[in-house]
Amino acid sequence: MKLSEIAQTLGLERLGMDADVSRVAPLEQARSGDLSFVNDSKWLNKPNAASAWVVRKQLASNLLDRPCLVSDHPALDAARAGLLLGMTPFGMDPGIHPQAIIHPGARLGARVSIGAGACIGDGCLIGDDCLIHAGAVIHRGTVMGARCVVQANAVIGADGFGYEFVQGRHIKIPHFGTVTIGDDVEIGACTTIDRARFGATTIGDGTKIDNLVQIAHNCQIGKNCIIVGQVGISGSCHIKDFAVLAGQVGVVPHVTIGQGARIAASTGVAEDVPDGATWSGWWGQNHRDNKIQIVMMRKLPELLKKIRAIIDREEVRSPDVSK
Amino acid sequence: MKLSEIAQTLGLERLGMDADVSRVAPLEQARSGDLSFVNDSKWLNKPNAASAWVVRKQLASNLLDRPCLVSDHPALDAARAGLLLGMTPFGMDPGIHPQAIIHPGARLGARVSIGAGACIGDGCLIGDDCLIHAGAVIHRGTVMGARCVVQANAVIGADGFGYEFVQGRHIKIPHFGTVTIGDDVEIGACTTIDRARFGATTIGDGTKIDNLVQIAHNCQIGKNCIIVGQVGISGSCHIKDFAVLAGQVGVVPHVTIGQGARIAASTGVAEDVPDGATWSGWWGQNHRDNKIQIVMMRKLPELLKKIRAIIDREEVRSPDVSK
Amino acid sequence: MKLSEIAQTLGLERLGMDADVSRVAPLEQARSGDLSFVNDSKWLNKPNAASAWVVRKQLASNLLDRPCLVSDHPALDAARAGLLLGMTPFGMDPGIHPQAIIHPGARLGARVSIGAGACIGDGCLIGDDCLIHAGAVIHRGTVMGARCVVQANAVIGADGFGYEFVQGRHIKIPHFGTVTIGDDVEIGACTTIDRARFGATTIGDGTKIDNLVQIAHNCQIGKNCIIVGQVGISGSCHIKDFAVLAGQVGVVPHVTIGQGARIAASTGVAEDVPDGATWSGWWGQNHRDNKIQIVMMRKLPELLKKIRAIIDREEVRSPDVSK
């Protein structure tokens, strides 16, 4: 297919020469005849064998007359080009797999697909066009909106982890609550979302949750949040709309993370985060402060040599200095 | 139901006016007619629409004549009230699901329930009243006491991660051991507990393990421990009775964590922890020391400005200071 | 069985007296009649009831005339002795379990075993002698070499976590790619390996991956790597041959970890790691530097007392010092 045809169909600006492409491939694996894509200037000049590239506007000027499409969202438009080129994206066989296990008390919307070995419990409501992959377990009473995707072996609605210590033993607190999930939510493979003690653990519309994430009982996750792999959110946290939690972030119980806040990878959040803030650190804080402190810590050994020299001389001058 | 009736049935002191309640709900989701509960003074004056509250003794005096029940364990007594009010806690359908996969060589105690798609291997012994949720895999030879709960998609008894590097390759060490679990143990969704190389990986009576936890081969976990979500415990560790490991804690191999020790969230434990100690830190240490160092680190930039000024002047006074 | 017979069959040197052993057991659980093994001098003199030990050469001299076998790989040779003694290592029933769910479009090699509830998708190629444990989900198009082991409830080939933010919403990027796995790879329980957007996520020959690991879309993992439990590797990373990532390591997107590099437990890797380097730290860096800085940080409170005394006196001498 001609690059110029793809440009026209997708409504993208084309620069440089035209080219024939038959496939979309990542930069490192691209061969002649492939269309690839570049998100960042640092990959722009990496040698690669692709025949054409989807690039951001600001990078296009560096490409001279090499064949390219200009896009604000190179990966997404590369995928759209893949569809035009007849490539088949990953999906699942439509419909209910004969080996899915669906409780007669569950209600499924139109065009719901459910994979082999997936379990849907009593009283679940699954919205239209949801995809529930193989082995996922949706426990009783879970409510899910339209167009959600649940990846394989995820578990929604297990008991929360709640005990009271009474007379030398941990006594389980029964969980009466459920899980309520909005529209267009995605839930990663082996991710676990616990039911509430009372009321509901809630996930807002458009929120995307990666693999191996733990969301504990009674969390309220807002709309359009991004929660990356292996994040752990403790009980009764409130994550507001558009917050982004990078991989392996941990959040202690009863914390609020503000609207649009961004939490760097592996950050431990032990207190409320303001709207729009960027936080990082083992003991999370403002990212700028954290970065300065880390830089200083790295200069510490050098600096301390000098300080010790001063202390040594001070102790000669005034021997009581350390008292 | 009258609050006064609930008080009488549960044997709790009632303060303030009487009230009618029909449901238990968390503070943020409570409506008129709901009984809610408060664990901490910081939520006491949060506006909420509940009609009555279960509170700790020391908070009760702040409630003036609002209807409340006094409890040492508000969440637990709120749950007991929920049972009185006819609410149904999460559980599982009793008995063996027809799509559970149970090896004929496994032996199950009385009143064991096993969910759809769960697998019980050859030679497993499952004690009375255990609940094994959907998709859980209990590999051959696992021994489990009475009243245990295994949440969905947990894996017990997979091969430990043990290799020897011989002539440029990693050679797998066969695992001959098993997993032995006491009474009243709970194991979270997608949690993995590996079998021992020889002997048994053991989990003591009353220990509660949250979701997505990794317990490696040959660990000896004591009684009544609390192991929160996403904790990782390396091979051959010994966690003594009543230890508490908060979320995302990591423990290197062959470490002993003392009786009743408390490890803060995301702490890395790289050496033995004494009985009763509280530890924290990326490189775990005594929590008090760790906290002081973190506070100091946050003051470092300010302090270093002053130090630099001194060094600069010192270098004028004695130019050899840094040598 | 006589220790001398085991020594002869395994080709190991025997020291001290001969002994009768009937079983292999870990040091803490060993009884009379057991053969145990010791990897490290610190366990050498731990009291234990074993009748004989497999030890490293350099430890043997401390054992006086106690019965022992000398080995470069004590755990591995203890396991070989276990086989001689008739012990049965963990494995799985050979063949395809009747409740495995295999798409007619999947192709399986010779002597492949697949556990109950495991799902193999359309177009998968599974090499000879692979073992796929119960509940594992291998999505469509996955290619796997010979002698691989996939532990229970692992998920291979789920959609990568890729979205573009367009007009206030996260739009899913379709994933056209697959997962390609070499020979002799092991994949732990509840581990997730995502398919590529385009091309393939690849795992090299001989690489061993522990439980609950996340490997994101388009990662290229080399040969003979060791990736320990709960590691998270973000999209498009390149992990070169023989790299070792200890437990809970996190790696940001588009990073290269060099050949033979060793990353300490819980390290956050935010930039490229050179070949052969050892790194550690919340914000990962050279391990030696990180260790020095941590030691200094621990001495900081003491040192700062002295510094404050100097600053105080300096401020008397020259009151403008802090300006």
Side-chain angles (χ1 to χ4, degrees), chain A residues 101 117 119 122 135 137 139-141 153 155 157-159 161-164 166 168-177 190 192 194-200 212 214 216 218 220 230 232 234 236 238 248 250 252 254 268 270 282-283 285 289 292-293 296-297 300 303 305-307 309-310 313, chain B residues 23-26 28-30 36 40 72-73 75-76 78-79 82-83 87-90 93 97 99 115-117 133-135 149 151-153 184 186 188-190 206 208 210-212 224 226 228-230 246-248 265-266 281-282 294 297-298 300-301 304 307-308 310-311 314 318 321-322:
Chain A
I101 301 145
C119 300
D122 190 11
V137 175
H139 282 293
R140 63 171 55 155
N153 287 348
V155 177
D159 264 337
F161 191 69
Y163 303 90
E164 289 269 351
V166 182
R169 292 172 55 218
H170 301 290
I171 304 294
K172 188 185 183 77
I173 299 173
H175 277 63
F176 298 86
C190 296
T192 60
D194 285 349
R195 67 179 52 242
R197 287 185 184 169
F198 306 101
L212 293 165
Q214 153 72 352
N218 284 91
Q220 312 294 317
Q230 296 177 324
S234 302
S236 301
H238 187 183
Q248 297 187 334
V252 306
H254 290 288
W282 181 84
W283 192 311
Q285 59 180 325
D289 293 342
I292 290 170
Q293 290 161 25
M296 289 216 155
M297 175 126 159
L300 215 49
L303 205 63
K305 271 189 213 161
K306 294 187 181 185
I307 292 171
I310 295 173
R313 250 171 324 111
Chain B
R23 204 184 65 148
V24 181
E28 319 78 43
Q29 299 177 342
S36 195
D40 192 307
D72 291 333
H73 306 286
L76 187 57
L83 293 172
M87 295 171 74
T88 311
F90 176 61
D93 293 330
H97 192 283
Q99 278 151 294
H133 281 275
V149 180
Q151 299 289 349
N153 287 348
D184 301 299
E186 300 205 22
C190 295
K208 312 297 185 185
D210 199 358
N211 298 343
L212 292 164
N224 298 305
I226 292 282
V228 181
Q230 296 176 324
Q248 297 186 334
S266 299
W282 181 85
I294 284 174
M297 175 126 159
R298 294 188 176 191
L300 215 49
L304 286 188
I307 292 171
R308 272 182 208 286
I310 295 173
I311 290 174
E314 285 288 327
S318 6
V321 70
S322 64

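Letters go in sequence order (proteins before strands), and every chain restarts at 1.
- Of the atoms belonging to A/Cys119, it is side-chain heavy atoms, and not backbone ones, that fall under 4.5 Å from chain B.
- In this structure, the side chain to side chain contact (heavy atoms under 4.5 Å, CB included) partners of A/Gln293, at least two apart in sequence or on a different chain, are A/Gln285, A/Asp289, B/Met297, B/Arg298, B/Pro301.
- Among B/Leu300, B/Asn211, B/Asn224, B/Val149, the residue with the largest count of heavy-atom pairs under 4.5 Å with chain A is B/Asn211.
- With chain A as the partner, the residue from B/Ala78, B/Gly188, B/Ser36, B/Ala30 showing the most heavy-atom pairs under 4.5 Å is B/Ala78.
- The heavy-atom pair separating B/Asp72 from A/Glu164 by the smallest distance is O-OE1, 4.5 Å.
- Proximity to chain A is absent for every atom of B/Ala246, based on heavy atoms less than 4.5 angstrom apart.
- At a 4.5 Å heavy-atom cutoff, the contact between A/Gln248 and chain B is made by backbone atoms alone.
- Taking B/Ile226, B/Ile294, B/Val228, B/Asp184 one by one and counting their heavy-atom pairs under 4.5 Å with chain A, the maximum is reached by B/Ile226.
- Using a 4.5 Å cut-off between heavy atoms, A/Asp122 does not touch chain B at all.
- In this structure the side chain of B/Asp210 reaches within 4.5 angstrom of the side chain of A/Asp194, judged on heavy atoms.
- Interface remark: B/Ser266 contributes backbone and side-chain atoms alike to the contact with chain A (heavy atom separation under 4.5 Å).
- Of the listed residues B/Gly117, B/Gly206, B/Ala152, the one with more heavy-atom pairs under 4.5 angstrom with chain A than any other is B/Ala152.
- Shown here for B/Gln29 and B/Arg23, the closest heavy-atom pair between the two residues is O-NH2, 3.9 Å.
- For A/Trp283, the parts sitting under 4.5 Å from any heavy atom of chain B are the backbone and the side chain alike.
- Relative ring orientation between A/Phe198 and A/Phe176 is described as parallel, the plane-to-plane angle staying below 30° on a 0-90° scale split at 30° and 60°.
- The candidate with the highest count of non-hydrogen atom pairs below 4.5 Å against chain A, out of B/Met87, B/His133, B/His73, is B/His73.
- Of the listed residues A/Gly135, A/Ala200, A/Gly162, the one with more heavy-atom pairs under 4.5 angstrom with chain B than any other is A/Ala200.
- With chain B as partner, the option from A/His238, A/Arg140, A/Gln230 having the largest number of non-hydrogen pairs under 4.5 angstrom is A/Arg140.
- The side-chain heavy atoms of A/Asn153 and B/Cys190, taken from C-beta on, include no pair separated by under 4.5 Å.
- Taking the side chain to side chain contact (heavy atoms under 4.5 Å, CB included) definition, one finds that A/Asp159 meets it with A/Lys172, A/His175, A/Arg195, B/Phe90, B/Gln151, sequence neighbours left out.
- At a 4.5 Å heavy-atom cutoff, the contact between B/Leu212 and chain A is made by side-chain atoms alone.
- The NE2 atom of A/His254 sits 9.5 Å away from the OG atom of A/Ser234 when rounded to the nearest 0.5 Å.
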